[in-house]
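One structure is given below, encoded as structure tokens.
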Amino acid sequence: MMTAFEKQYLEARKELIESDFLALNPMQRQAVLATEGALLILAGAGSGKTTVLINRIANLLRYGRAGDCEEIPEDADEAQLALLRQGGEEAKRLAAWDRVEPWRILAITFTNKAAGEIKARLESMLGETAEDIWACTFHSACVRILRRDAERLGYTDSFTIYDSSDSLSLLKHILKDMDLDEKTYAPRSILSEMGRAKDEGLSAPQYLEAAAKISDLRRRRIGEIYAEYSRRCFTANAMDFDDLIYNTVRLLEENADVLDHWQRRFRYVLIDEYQDTNRLQYRLSSLLAGGWGNICVVGDDDQSIYKFRGATIENILSFESQYKNCRVIRLEQNYRSTSHILDAANAVIANNVRRKGKELWTSKGGGELLTHYFADDERDEAQYVASAIMAGYGRGANWRDHAVLYRMNAQSNQFEYAFKRSGIPYRIIGGTRFFDRAEVKDILAYLSLISTPADDLRLTRVINSPPRGIGARTVEIVGELAAQQNLPMFEILRRAESFPELQRAAMKLRLFANLILELRDFAAAHTPDELLDELLDKTGYVRLLEEKNTTEDTARAENVREIKTSILTYMKESGDVTLEGYLANVALYTDMDNYDADADAVVLMTMHSAKGLEFPTVFIVGLEETIFPGTRAIGEPEEMEEERRLCYVAITRAKEKLYLTSAHQRMLFGRTTANRVSRFVFEIPEEHIEKNIPRHYGFESGAREPVAAFAAAKKEAPVPRAPAYPAPSAPKPAAAVSFAVGDKVRHKAFGTGEILKMTPMGGDFLVEIRFGEIVKKLMLRAAAQHMQKG
DNA sequence: CGCACCACAATTTTT
DNA sequence: TTGTGGTGCG
């Protein structure tokens, strides 16, 4: 039974702690203080969930579990109580109870970007102590755990990581060696089948056993492929993305002492984007949090959009039954969007059945109505978007305040054309990543090979690149010999002379093996950046590209040099100088990490990539049946709900203005088709949106013959707010007045230069300015902000 | 062995 | 329409 004094003491202490988090709303504050046990935070889009995460960690470090327990110091007395009530630094020190060391906190996110953001915000809030907090992705957490005990699984601690394209090419090699047809055994689907197996915790033998029971030939074949794939990964000391998690779970489940070590260590486990976890990640989180039982998961079932990757909404829906005493906190106040946007999002998602139920609200006003534009075709659609963006820019917005979101990457083309035509600077997120480019992969393959010569996949990749006269047939023979002798291919190369089959090529093969061995010696005594220089020199890789002297090859040479920057950055930021460390970092690196929110350019990306981001103005394009929702979702209720969640994610990216567009007909993959306007458009209540859809056309009526009605309605189309389609002769932007060809200018970033040429473009000017040796092409309006005459 | 040409297929993808 | 992978020729 609690005494009156204890009660007062606890109350005063809680109030004092709360006073540190007054900037938060009551729900957020609750989530910050509820440190003990299991906690599910249902955080709607834009509800300040990262802020909660950060403050929760800050609370743990400052006050330990004082805000969530009923224990008080034995020597507590009236004087202390008075001090608590009075507040101040000393009182705060007194309030702390069982403070948490930073290295006992594990915060897992899905992207490096999110992890980086958490780290950065923690550091600015808490200073150096923040560095010891594990704020990382599932994958990088696993790498760290595995590096410590990989030998338990038969790997060495310098294991390498295969990224998705490595996995794919390894798989293709296997299919070839097993004489299997890529049509019946589509590599992509095999890969996801193996991923599913690992997600269910099935090893290759287990999978095979299950397949044998139902005597399904195809599954048995896949089982054999899976076994071979695993075998080759293992001999190459390599793990793919799924293996990282699968093996970590194995490690922890099969080694009680290892499990115990990590369970003791992590007193508080936080998992972000919980709706996107798969079963394996669920198991991993349960394992890691199993010691102290303090697990906090943050998620939004309505934003689960990665089912196709094995994410299961089940994890979040059943969290409450898994942890019986768990607390649930809903964050429904949205700080991002206006109420028209929010109401539209709420209305759309309300059509889903399988959800926790949650309604976002805002204290912001209605703002502008949503706009739906029904374009003639994809070209018109892009032009409309371009015009609207220029209009926004004309009103003083930045280019970067605009984002164009589409369902699939193939849709980006028309927008590129339109933006180029109008002189709108843009960036495309997605597509080929820097680290996916052939030349970059080559260099990285060399580096991996130096680290692990037994890596047949990487060896095959670079053995003849740059060309050294080792042909495909030779490589094949080496592969066969290696299989016979049960040795890595590299060992065959070293003894090339002793195989009569290899006589002709023996010399070249030995030379290659020696090259790798020399570089390996070099690596032992040098840093990765020095190794890179040596590598480029010894292989002549860059020299060869430079000699070719085409624009593409120059760009390639540039990319190769760019790797050096990436190495140096890594060494500087992590303080790590090991080659393995760098390679792991690169393997887990993605395009989004490169996304620089400061560069002033319109952003184009898929709706998937947009998750977690926000923009003042958003365009969701291609809102047509069979595109969004896509063909595969139509008639499949589960899939349709996922599409709808994607739509919800896309809508909630917008802060102030949301445009939706559909095209009457569109050419995609060289085919022209006419699709009906997406059902999602009709799920938005009329009072939130203005449209130019002809009355007798649309999803509900399904009426044909839209053409005449369409033409008539088009006149009343909501035009992007003025100036609509600015002609090249449109009034010159103010900035243009003060600059002319021949002017000398001083630019903040590029220094002094001279204007060579000015071309009117989209209500602005494309200016060419010579800075010393370099001629830059810039949009005047943007450039003018960073330069002056002189 | 290297390159050029043709058939073919093509959601989404935090790692 | 675009990119990729396989085949055939020099």
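Each chain gets a letter, A, B and so on, in the order its sequence line appears, and its residues count up from 1. Just so we're clear, the structure is a prediction, and the values are computed from it rather than from any experiment.
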**Study point:** A:R355/A:D302 ion pair, N-O < 4.0 Å
**Key:** yes
Review point. How many Å lie between CG on A:D181 and C1' on C:dG5, as a whole number?
Key: 14 Å
Review point. Between A:F669 and C:dT1, do the rings stack, that is, sit under 5.5 Å apart with planes less than 30° off each other?
Key: no
Study note, to complete from the structure: Against the side chain of A:T474, the closest entry in B:dT13, B:dT14, B:dC1 is B:dC1
Exercise for review: Under 4.0 Å between any heavy atoms, over every strand shown, what does A:K307 touch: base, sugar-phosphate, or nothing? Just pick one.
Suggested key: nothing
Revision key, fill the gap. Of B:dC1, B:dT13, B:dT14, the nucleotide closest to the side chain of A:H608 is B:dT13
**Study point:** Sugar-phosphate, base or nothing in reach of A:A472, heavy atoms under 4.0 Å
**Key:** sugar-phosphate
Review point. Can you find a side chain N or O atom of A:N409 that sits less than 4.0 Å from OP1 or OP2 on C:dT2?
Key: no
Practice item. Answer with base, sugar-phosphate or nothing: what part of the nucleic acid does A:T672 contact at a heavy-atom distance below 4.0 Å? Key: nothing
Exercise for review: Determine the contact category for A:S164: base if any of its heavy atoms lies under 4.0 Å from a base atom, sugar-phosphate if only primed atoms, P, OP1 or OP2 are that close, otherwise nothing.
Suggested key: base
**Study point:** A:P467 vs A:E639, nearer the 5' end of DNA chain B by closest nucleotide
**Key:** A:P467
Exercise for review: Starting at atom NZ of A:K113, determine the distance to atom C1' of B:dT13, rounded to an integer number of angstrom.
Suggested key: 17 Å
Review point. So what does A:I470 touch, heavy atoms closer than 4.0 Å: a base, only the sugar-phosphate, or nothing?
Key: sugar-phosphate
Practice item. Compare the minimum distances between each of B:dT14, B:dT11, C:dG5 and the side chain of A:K172, then state the nucleotide with the smallest one. Key: C:dG5
Practice item. Describe the nucleic acid contact of A:Y306 in one word from base, sugar-phosphate, nothing, applying a heavy-atom distance below 4.0 Å. Key: base
Exercise for review: Figure out the NE2/P separation between A:H173 and C:dG6, and round it to whole Å.
Suggested key: 10 Å
Exercise for review: Ignoring hydrogens and angles, tell me if any N or O in the side chain of A:N112 forms a donor-acceptor pair with the backbone of A:L588 under 3.5 Å.
Suggested key: yes
Study note, to complete from the structure: In whole angstroms, the gap separating P of B:dT14 from CG of A:D163 amounts to 11 Å
Point to revise | Distance, rounded to the nearest Å, where A:R632 contributes CZ and B:dT13 contributes P | key: 14 Å
Practice item. Spell out, as yes or no, whether a donor-acceptor pair under 3.5 Å connects the side chain of A:K508 to the backbone of A:G469. Key: yes
Check your understanding: For B:dT14, does either OP1 or OP2 sit under 4.0 Å from a side-chain N or O belonging to A:T137?
Key -> no
Exercise for review: Using only heavy-atom distances, determine whether the side chains of A:Q383 and A:R421 contain a donor-acceptor pair under 3.5 Å.
Suggested key: yes
Review point. Contact class for A:Q414 vs. all strands (heavy atom < 4.0 Å): base, sugar-phosphate, or nothing?
Key: nothing
Point to revise | Whole-Å distance separating the OH atom of A:Y648 from the C1' atom of B:dT12 | key: 20 Å
Study note, to complete from the structure: Whole-Å distance, A:L168 CG to C:dG5 C1', equals 12 Å
Point to revise | Most 5' of A:G469 and A:A410 on DNA chain B, judged by nearest nucleotide | key: A:G469
Point to revise | Sugar-phosphate, base or nothing in reach of A:Y417, heavy atoms under 4.0 Å | key: sugar-phosphate
Check your understanding: Can you find a donor-acceptor N/O pair under 3.5 angstrom joining the side chain of A:R407 to the base of B:dT11?
Key -> no
Practice item. Hey, can you tell me if A:F308 and A:Y306 have their rings parallel, tilted or perpendicular (30° and 60° cut-offs)? Key: tilted
Study note, to complete from the structure: Among the nucleotides B:dT13, B:dT14, B:dT11, whichever has the atom closest to the side chain of A:T606 is B:dT13
Review point. Can you check whether A:S609 has a side-chain N or O nearer than 4.0 Å to OP1 or OP2 of B:dT13?
Key: yes
**Study point:** Protein-nucleotide distance (A:L613, atom CG; B:dT14, atom P), rounded to Å
**Key:** 12 Å
Review point. Using 30° and 60° as the class limits, which term best fits the ring planes of A:F319 and A:Y274: parallel, tilted or perpendicular?
Key: perpendicular
Exercise for review: Quick one: label A:N464 by what it contacts on the DNA or RNA (base, sugar-phosphate, nothing), any heavy atom closer than 4.0 Å.
Suggested key: sugar-phosphate
**Study point:** A:N413 side-chain proximity, nearest of B:dT12, B:dC1, C:dT2
**Key:** C:dT2
Check your understanding: Within the structure, does a side-chain N or O atom of A:K611 lie under 4.0 Å from either OP1 or OP2 of B:dT13?
Key -> no
**Study point:** Heavy-atom donor-acceptor pair, A:E378 side chain to A:Q414 backbone, under 3.5 Å
**Key:** no
Exercise for review: Please tell me which of the listed nucleotides, C:dT1, B:dT11, B:dA9, lies nearest to the side chain of A:M667?
Suggested key: C:dT1
Review point. Hey, are the side chains of A:N352 and A:I349 touching, using non-hydrogen atoms and a 4.5 Å cut-off?
Key: yes
Practice item. Have a look at A:R188 and say if it touches a base, only the backbone sugar-phosphate, or nothing, with a 4.0 Å heavy-atom cut-off. Key: base
**Study point:** B:dT11: syn or anti, per glycosidic angle within 90° of 0
**Key:** syn
Review point. Say you pick atom P in C:dT4 and the same atom in B:dT13; how far apart are they, in whole Å?
Key: 16 Å
